[in-house]
Amino acid sequence: MAYNFTAIEKKWQQYWRENKTFAALEPADAGDMPKAYVLDMFPYPSGAGLHTGHVENYTATDIVARLMRMRGVNVLHPTGWDAFGLPAEQYAIKTNRHPREMLAGNIDNFRRQIQMLGMSYDWDREIDTTAPEYYKWTQWIFLQLFNSYFDPTDQKARPIEHLVNELFNENLVVAPDGEVKVNPVQEGMERISGEVRVERLWRELSADEQRDVIDGQRLAYMDEVPVNWCPGLGTVLANEEVIDGKSEVGGFPVERRPMRQWMLRITAYAERLIKDLELLEWPESLKDMQRNWIGKSVGAEVDFEIAPESIAAAGARGYAQDSEPQPPRVPRAAGEVDADDLVITVFTTRPDTLYGATYMVLAPEHPLVDRIASQPHRETIESYRKQVAGKSERDRMADTKEKTGAFTGAYAINPVNDERIPIYIADYVLMGYGTGAIMAVPAHDERDYAFATKFDLPIKPVVRPANGEAPQGRAFTDEGIAINSPLIDGLPTADAKDRITAALSREGNAYRSVNYKLRDWLFSRQRYWGEPFPILLDKNGNATAIAEGELPLALPQMEDFKPTGTPEPPLSKARDWIRVSRDGQEFTRETNTMPQWAGSCWYYLRFCDPKNDKWFCDPAKERYWMPVDLYVGGVEHAVLHLLYARFWHKVLFDLGHVSTPEPFLRLVNQGLILGEMEFHVFETEAGEPVSAADIRDMAEEATEQGISVYAFHKQTGARLKGRRVSEEDVEQTKQGFRLKANLEILADGRSFKMSKSRGNVANPDDLVRDYGADALRLYVMYMGPLEAQKPWNTRDIIGMVRFLNAVWRNLVGEEEEEDRGPGFGVRGPGEGDGGASPSSPDTGNPIPDTRSSPDTRHPKPETRITGSPIPDALDRMMNRTIKKVGEDTAALRFNTAIAELIKLNNEMTRLAEIPRDLAETFTLMLAPYAPHAAEEIWARLGHTKTLARRPWPEYDPAKLAESTLELPVQVNGKLRDKITVPADADEATILQAAQSAPGVQQWVAGKEFKKRLYVPKKLVNFVVG
RNA sequence: GGCCUCGUGGCGGAAUUGGCAGACGCAGUGGAUUCAAAAUCCACCGCCCUCACGGGCGUAUCGGUUCGACUCCGAUCGAGGCCACCA
């Protein structure tokens, strides 16, 4: 090694830490500096330590942060620990330790590793989501949600008191289902679908009813809902945490069961969460993922009346006793539909296919089923319902091809043509989406088609393709032209939808409707390691917030924190903790805890003011730093963290606690780093397949022991040195000769995700030890575009080590002595100080001189740094490099920026003398990428303070242009020659020169010029024929 | 099945607005240096034909637009990601 990176890196890490080199300035101290908030997705401090994905993520933002500081920007670049949640707790249980104690060690290890990589974080802002000083405010924000509701008129959250006032003043009324709506007296009559229901005024409600109405409107509310219960983890999970019917953490099976749980009303924000994506500089693909997850569908709700004889046959209302309590029946107002009519409301995105509706399907759990199922069918209906309820999520998904269901015996009336159509129940209709009921149009929906085929129901086409034939044997689901539909015949689908919706809504049978796939966020977990809810429950299970002054509500220290295996959370075992009396009333504490995502929903706000114990974040500081200007992290958070955080942020925005509608302005996903290539298509002499690892081992053995090894590609025949394998190659290979070096040529390799089980994990500790942090940083950034998925290849790091060594040799000099003390080589005592620029003083403290003692045994090293001016050609190259590196770095194109630095350094290697100006400019440009080496070289160039805030080099636009141009000359689009012309030559001159170029002559001689094309500063093209 | 992204040398990748395909690094080959090795330096390094000069082909495949296509359009094949009975 030409220089001792281990000692240099340690030295500078210590210097930065002691001098707080990267501390962000408080807004009051920043003057007119621009600000930038550069954020990583902070790590979950697992026991495994940093992986290469972390290194990629944090190096990228570190480079940007360092560049910006050099450009005079006040940069906030913090980190911390997202330490609550399932993985830590699972691991703690497995290893029989307490999560807190276990995490303390993990966090220390993460901090050490991050510092070892030279990340320029402001360590005074480190936060830990499990610290009471932090989760105090997580709980506080939860109380904001609890104490707010969503005002549908203004589409924003408001304090719950506002709702109470509106109800009290009778601007709002309560519908029988408990929903709140605008008082119809003030809006004229509203259409009422389904049940005949009459709204009630606030004063007509009992105190308990009033309480239920209010609780039912909160953004954080409790509800009995079918949830994802995971017996393996002993907790419920959010939809987002369930993958293919199994838990994301641990991969345990998940089943649906109804439980009373805390929910957050994220659905109220569905529209704004879609709309405001437009404000964001995010990758389009990620925006698409969020849009798809929210899943907006525009369509219509349509009412189907149930045929009167079906109601009579079912005995109508008498049968509903054992189902959920029905809303109170109330006398109907004049002019409304007959109370004895029952109506099924469906949601459809294709109202234009209404004439093709040949049957209906209700979700098995639909409350109307009890009221319409006629006697002879009740038994099959009940047994089908039982069968569905017993199915696990996974079974249900596995069965999507084969449709199942049962006939209710009832019929409905199609409102467009008064046809009687049968009503079925089937589990392909979901209670949780739309109205839990559909009109089935088998001719134009694949699921309906499959069901109709199985149950032998009529299939009636009502749309034909605009051109071509309708497909046979399956549904035609595209848009087209309406047929067999008297009201809309001949209309294209879009117009047909409008027309039929308008027609039906005049009769009160339909109206436009929007549906979302997004469900409310299941927010409680039956786990120990999370934030306790700041909630007390009375003996009826009603929730009351604890006073803000009582926050934080500390998580009780428990020896036995394991899940109970039942829905009863572990905190219920903390007997003393759960019992509370207030004002002579007995309460119990809520024993569920918040999910893993809670702490990360707002941590970026805390970084603006991490030590404030009066407020979650000082408003002035929040206004200064927010929004986050650059947020980098893995795509795995596309629909979890990033959706939840946006939701919380919007609530805080509505309530006036934050100043921006969105938290993360610009977001970049770093691509996954795959493991090293794996080779697996070889055969041994005996014809057995062997892996690459086997071959490597064999090759090593071969060289050591002279055993013959031989391998070739199974399908294609192996290629060596870019040629087909010859007899000679096989002979060489048999002797183990160069086999190792040519492995990849032999291989049909593939890369896989890094994983312990594959044993292809690259460990940052080993890499830093062997190659240094700077080389690792360079390699990880040089692998390819930040966003791209790339295979790891430890072999390639050597290129970056060579680059740094060459830089060192160019700018510092050759080391003469092999064994040096800690520190690094030597520097001549007299050289250097002339370059320190007086115009912009260094900030920070002087660098401690940790160089080896001035030791006269070492001869003065050769140095090629001189004070002579830069020659023109070199000056142009330097200026172009400044431009390119600056632009590429700012645009996160780190790989090409590094390539430019390497090119300039290669040029310096060829120089006999290196002008000081070039040396310093180069060092400054290197600094964001290889900060330790750059600082050390900077010091050895004679500077006494850190370069962290030295101005980034400026280029001189006048020096970018060459005085002559080299232009390619094409004939009929093929390159035939190149000409060199003065940069200011006019078109006629250039065309003349091009035409007489030797390589062009033979192609144009005797031919007619059809066109002479000159693209300024690009090329010349002659079209001849 | 739906939506999205992507197919360039032996490998990672570059080509920023439609204008010299393969920058830069790795691997490889030849040479210099060395007692030797490591390290370093110089040269070569897409495929085919040719002693050479030179020529032909070439960015998954097929077709289109254009003076000109890795880049734009259409189809096909292949890889990856996300969602997945959402009416």
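Excluded from the calculations below are hydrogen atoms, water molecules and symmetry mates; all remaining heavy atoms, backbone and side chain alike, are included. Just so it is clear: chains get the letters A, B, ... in the order the sequence lines come, proteins before strands, and each one is counted from 1.
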task = Would you indicate which nucleotide in B:G12, B:C11, B:C24 comes nearest to any side-chain atom of A:Lys903?
result = B:C24
ask   = Ring centroid separation for A:Tyr424 and A:Phe451, is it under 6.0 angstrom?
value = yes
A:Tyr782, nearest nucleotide to its side chain (from B:A14, B:C26, B:G12) = B:G12
inquiry  = Taking NZ in A:Lys454 as the centre, count heavy atoms belonging to other residues, nucleotides or ligands within less than 6.0 Å. Is the count above 12?
reply    = yes
ask   = Does any donor-acceptor pair link the side chain of A:Lys1010 with the base of B:C67 at a separation under 3.5 Å?
value = no
query = With sugar-phosphate meaning primed atoms plus P, OP1 and OP2, does A:Val429 contact a base, only sugar-phosphate, or nothing at under 4.0 Å between heavy atoms?
reply = base
request  = Working to the nearest 0.5 Å, report the span between CG of A:Asn414 and CZ of A:Phe304.
outcome  = 4.5 Å
key: Side chain of A:Arg802 (C-beta onward), nearest among B:A21, B:C26, B:A84   = B:C26
request  = With heavy atoms under 4.0 Å as the rule, sort A:Leu1013 into base, sugar-phosphate or nothing.
outcome  = base
request  = Hunt down the Watson-Crick or G-U wobble partner of B:G19, both distances under 3.5 Å, from any strand shown, or write none.
outcome  = B:C67
request  = Classify the nucleic acid contact of A:Arg291 as base, sugar-phosphate or nothing, counting any heavy atom under 4.0 Å across all strands shown.
outcome  = nothing
task = Would you mind classifying the nucleic acid contact of A:Gln789 as base, sugar-phosphate or nothing, using non-hydrogen atoms under 4.0 angstrom?
result = sugar-phosphate
ask   = Would you say A:His366 and A:Val429 make side-chain contact, with heavy atoms under 4.5 Å?
value = no
Pairwise C1' distance, B:G78 and B:U59 [rounded to whole Å] = 16 Å
query = Which nucleotide, in any strand shown, forms a Watson-Crick or G-U wobble pair with B:G46, with both distances under 3.5 Å?
reply = B:C57
message = Heavy atoms only, 4.0 Å cut-off, all strands: where does A:Asn1021 land among base, sugar-phosphate and nothing?
response = base
request  = Determine the contact category for A:Val1023: base if any of its heavy atoms lies under 4.0 Å from a base atom, sugar-phosphate if only primed atoms, P, OP1 or OP2 are that close, otherwise nothing.
outcome  = sugar-phosphate
query = salt bridge (charged side-chain N to carboxylate O under 4.0 Å, His left out) with A:Arg512: which residues, sequence neighbours excluded?
reply = A:Asp498
key: Any-strand Watson-Crick or G-U partner of B:C51, both distances under 3.5 Å   = none
request  = Indicate, with a heavy-atom threshold strictly under 4.0 Å, whether A:Asp888 touches base, sugar-phosphate, or nothing.
outcome  = base
task = Take atom P in B:U61 and the same atom in B:C77, then report the distance between them in whole Å.
result = 15 Å
task = Tell me what A:Asn906 touches on the nucleic acid: a base, only sugar-phosphate, or nothing, going by heavy atoms under 4.0 Å.
result = sugar-phosphate
inquiry  = When the C1' atoms of B:A15 and B:G30 are compared, how many Å lie between them, rounded to an integer?
reply    = 30 Å
ask   = Under a 3.5 Å cut-off for both distances, is B:G12 Watson-Crick or wobble paired, and to whom?
value = B:C24
Heteroatom pairs (N/O) under 3.5 angstrom, protein to nucleotides 54-56 of chain B:
residue : atom : partner  : partner atom : Å
B:G56   : OP1  : A:Arg976 : NH2          : 3.4
B:G56   : OP2  : A:Arg976 : NH1          : 3.3

ask   = With distance as the sole criterion, do the side chain of A:Asp796 and the base of B:C26 form a donor-acceptor contact below 3.5 Å?
value = no
Residue A:Pro791, side-chain atoms from C-beta onward, closest of B:G12, B:C83, B:C20 = B:G12
query = NA contact type, A:Lys517, heavy-atom cut-off 4.0 Å: base, sugar-phosphate, or nothing?
reply = base
ask   = Quantified in whole Å, what is the P atom distance between nucleotide B:G74 and nucleotide B:C3?
value = 14 Å
key: Candidate nucleotides B:C85, B:C26, B:C20, ranked by approach to the side chain of A:Arg795 - the nearest   = B:C26
